[in-house]
2 protein chains.
Amino acid sequence: MPTINDVARAAGVSPSTVSYVLSGRRPISAQTRERVQAAIAELGFHPHAGARALASSKTNVLALVAPLRLDVNVPVIMQFATAVVTASRTHNHDVLLLTKDEGTAGLERVANSTMVDALILMDVEREDVRLPALRRLKQPSVLIGLPNDPLGIACVDLDFAAAAGEALRHLAWHGHRKIALVGPSPAVYRRGTTYAERFLTGFTEASESLGLRTLAHPCEPDVEGVRACLDDIDAQLPGATALVVHNEESLRPLLDLLRARGKRVPEDISIVAICPRDVAINMPLPLTSVDIPAHDVGGLAVETAMRLLDGRSIESVRLLPPTLVERESCSPPR
Amino acid sequence: MPTINDVARAAGVSPSTVSYVLSGRRPISAQTRERVQAAIAELGFHPHAGARALASSKTNVLALVAPLRLDVNVPVIMQFATAVVTASRTHNHDVLLLTKDEGTAGLERVANSTMVDALILMDVEREDVRLPALRRLKQPSVLIGLPNDPLGIACVDLDFAAAAGEALRHLAWHGHRKIALVGPSPAVYRRGTTYAERFLTGFTEASESLGLRTLAHPCEPDVEGVRACLDDIDAQLPGATALVVHNEESLRPLLDLLRARGKRVPEDISIVAICPRDVAINMPLPLTSVDIPAHDVGGLAVETAMRLLDGRSIESVRLLPPTLVERESCSPPR
DNA sequence: TTGAAAGCGATACCAA
DNA sequence: TTGGTATCGCTTTCAA
C-alpha cells in the first residue's frame, strides 16, 4: 500500500502538500493539484484511517446503538439504521454498530478508545441508565427518543403527542365522537420507552379538547390479544365508530378479526394507524395513517450529530411534526 | 485522556511494559503487572484505537455489508446482523455497518483505508459483481450465501438443498405422496441470491429419490399471490396433501386462506415451513419447520473470519446441516 | 503557494 | 523479566 510519502515523491511535492490537496484546507495551484491527483490515482493511494485518526483526532465514524432484540419492532429499527448509515455516508462518515445489550460499557469502550466521533442511540428509555455515562464522554451523543431528563443531550423523535392529536382531529372531522385507542402492549409501557406514553398523553388531551368520548386500551399483538382488546372496547365504549391503532403488529390480526365479525372498514368502523408508510400501504386495505418517518428521524439524528461535531448550534430536543395521509380506512360514521 | 506514557510514568515502568501487560504477549512479573494495572485503573487509561491500528496493522473491526432495503426479509437480516455483532464482540472485534447499495466502492473504501480487518457480506448473488473486487483486497472476506464461483472466498450458509430434503423426507415419512412447494416470489429467483435455487434443486432431487409427485410454484407474498399460487397447485397437482413453504411472508396469508377455504391444518393438509424458529412458533398454529439458523450462520461467518485472520485453516465452503423441528402442522394424510 | 518537521499514541524489535 | 526507541502514516504548525 502506497503512503502519502510515496505520492509526494511521485508528484515531486512534499507530503504536506498532498495532505492539503486531499483536505482542501489550503489553496493549491491548479498545476500542483493535478500532479498530485494524478499520482494518487496512479499509485492507488488511500489514506490510512488509523493514521488519520491519530493525527487529526477525528475518526469519521459514528456509533449507532441499536436494540438487536426481536421483541421490538424490527422493520422500524431497520429503517432507522438504514437512514443513519445513508445519512452518515453523505457526511463522509461510517457507522459502527453496537448492540444495546452491551450497555454502558459498550458506549464507554468505543468512546474512550476514540473509535468514534459521536454516538447515536435508539430505543432510549424513560430513565435510561446510560445517560449519566453519556454525559461523561468527550464525544457528543444524539438520542432517538426522549427520556425524562435529556439535560445536556440532544434528542430527536417524531412528536408522538401531536401524532395522536392528528389522528383524533381527522376522525373528529369525519364526524366520529366515540373513538378507541388500540395501544401498544403493556410490555411496551412497562419497558419505559416514552413514545407510548407521549402518544397516550396527546391522545387524552386531544380527546378532551375535541370533546370526544374515548377509551385507551393496550393490546397484545397476537390474535387473542386483539380479540380481548376489541371485546373490552365493545364493553367499555359501546358504539365506538373509530379506532386509532398505535400498534403495528396488531394491525393485521385486527383487520382479520373485524372482517370475521362482519365489520367493514371503513363503512362500519374507521381506522387511523400510526405506522410506517409502507406498512399502511401494504395492508389488505390501504390505511389512513400517521407516518412514523424513520428515515427522516434517522437523518435528523445524523444531521444533529454533525452540527454538534462542528460546533454549530442545535435545538436540544427536536420533535418532528407528524403527517397524516388519507387512504381508504376512514369515512363518516353511519 | 491519559496515554500509555502517562501510565508508564505512574507505574514506574517503560511504555513497552505497559503495552505488554495489555497484550499479554510477553511474560510480566506479577508485581509489575499489578502496579501497571493499578495505574491504568487510576488514570482511566484506554488505548487509542487509531494509534493501535497504525502501530499494529490491526483494527479489530469487521465490516458487515447488509442489504438495507425493505424488499428482503428484514427480520432475518436483522438476526444475521445481531449474530455477527455479538460473535464479533466475543472475539474482541467491533462491526462497521455498510449498506449493500454502496456496492464495490464501499468495500474498497473501508478495506483500502484500513478501517477493517475482514469483511462479511450478506445477500450475495449468483454472479455477484463484488467478488472480483473482494479478491483484490488485502483483507479476507466471508460470504453469507453461495455464489456460482466462490473461488478464493470463504462462504457459509444453511444447506438449503438438504433443508428441502429434510422437509420432503419428513412428509414422506408421514405418508404424503403428493406435495407442493410454495416457493419465494419470482423476484427472488430473478435477483439471483442462490438459496432459492439451491432449495429448489434439493426439492427436485429429493422428490425423485423418494418417488414423490411434486410441484414447485413461486409465490408472491400477499393475499392475491397466495390465492393464485394455491389455485395453480390445485389445478396442476390436484389432491396434494402437503405443502412445503419456503416463503416466510406468505405463511400468514396462506394459513388464513386455507382456513377460509375450510381446509384444516394438519388434518386436511400438512405444512412444513422453512423459516426462523420464532416465526414458526408465533403462527396461529405452531408450524413444523426447518429452521433458518441465522444466529449460527452469523456466528460461523465471524468464526471463519477470525480463523482467516490468524492463519488457521478453514473450509472454503461451509454449509450448515438443517434441523427439522416437529410442531403441530404435520400429520398423515387422510 | 509550498516545504520541513514535530507530533499523534500505540507496538514490537533489539538489547540488556 | 524489563527498557529504549524506531516505526506506523498522516495532520498541522511554523517558516519561507
Side-chain angles (χ1 to χ4, degrees), chain A residues 1-37 39-40 43-61 92 109-117 138 310, chain B residues 1-37 39-40 43-61 92 109-117 138 310:
Chain A
M1 294 263 96
T3 73
I4 201 172
N5 292 294
D6 301 326
V7 175
R9 207 171 307 125
V13 299
S14 76
S16 56
T17 296
V18 177
S19 177
Y20 285 118
V21 167
L22 250 24
S23 69
R25 304 168 78 85
R26 174 196 251 191
I28 302 277
S29 73
Q31 206 193 28
T32 315
R33 192 197 346 270
E34 277 161 31
R35 286 229 309 288
V36 169
Q37 278 163 346
I40 288 176
L43 298 180
F45 166 72
H46 297 271
H48 187 291
R52 266 196 153 155
L54 181 55
S56 68
S57 307
K58 283 190 197 326
T59 63
N60 275 40
V61 175
N92 199 27
R109 183 172 54 77
V110 298
N112 291 330
S113 65
T114 325
M115 299 183 76
V116 301
D117 294 334
K138 67 170 192 291
D310 41 49
Chain B
M1 294 263 96
T3 74
I4 201 173
N5 292 294
D6 300 326
V7 174
R9 207 171 306 125
V13 300
S14 77
S16 56
T17 298
V18 177
S19 177
Y20 286 118
V21 167
L22 250 25
S23 69
R25 305 168 78 87
R26 173 196 253 191
I28 302 279
S29 74
Q31 207 192 26
T32 316
R33 191 196 348 270
E34 277 161 31
R35 285 228 310 288
V36 169
Q37 279 163 346
I40 288 175
L43 298 180
F45 166 73
H46 298 270
H48 186 289
R52 268 196 150 155
L54 181 56
S56 68
S57 307
K58 282 188 198 327
T59 62
N60 276 41
V61 176
N92 197 28
R109 183 171 53 78
V110 299
N112 291 331
S113 65
T114 327
M115 298 183 76
V116 302
D117 294 335
K138 66 172 194 288
D310 42 49

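Below, chains carry the letters A, B, ... as their sequence lines are ordered, and counting in each starts from 1.
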Which pairs would a plain distance check flag for residues 17-26 of chain B, meaning a side-chain donor or acceptor within less than 3.5 Å of a matching protein atom at least two apart in sequence or in another chain?
| residue | atom | partner | partner atom | Å |
| --- | --- | --- | --- | --- |
| B:Thr17 | OG1 | B:Ser14 | OG | 3.2 |
| B:Ser23 | OG | B:Ser19 | O | 3.3 |
| B:Ser23 | OG | B:Arg25 | N | 3.3 |

Between B:Ala30 and B:Ser57, name the one whose nearest nucleotide on DNA chain D is closer to the 5' end.
-> B:Ala30

By side-chain contact (heavy atoms from CB on, under 4.5 Å) - contacts of A:Asp6 (at least two apart) = A:Pro2, A:Thr3, A:Arg9, A:Leu43

Below 4.0 angstrom from OP1 or OP2 of D:dT2, is there any side-chain N or O of B:Ser29?
-> yes

For the helix from C:dT1-D:dA16 to C:dA16-D:dT1, measure the angle between the helix axis at one end and the axis at the other, each built from five pairs, rounding to 10°.
-> 30°

How close or far is atom P of C:dA4 from atom CZ of A:Arg9, stated in whole angstroms?
-> 13 Å

Residue pairs meeting side chain to side chain donor-acceptor pair (under 3.5 Å), one or both in residues 43-56 of chain A, sequence neighbours left out, come to A:His46-B:Asn112

Examine distances only and state if a side-chain atom of A:Asn5 and a backbone atom of A:Pro15 form a donor-acceptor pair shorter than 3.5 Å.
-> no

Just how far is it from atom NZ of B:Lys138 to atom OG of B:Ser57, taken to the nearest 0.5 Å?
-> 8.0 Å

List for me each residue that meets side-chain contact (heavy atoms from CB on, under 4.5 Å) alongside A:Ala55, sequence neighbours excluded, and say none if there are none.
-> none

To the nearest 0.5 Å, how far apart are OG1 in A:Thr32 and CD in A:Gln37?
-> 10.5 Å

Nucleotide by nucleotide, nucleotides 9-16 of chain C touches protein heavy atoms under 4.0 Å in the pattern (B base, S sugar-phosphate only, - none) BBBBBB--

In whole angstrom, what separates A:Asn60's CG from D:dC10's P?
-> 15 Å

Heavy-atom donor-acceptor pair, B:Asp117 side chain to B:Lys58 backbone, under 3.5 Å | no

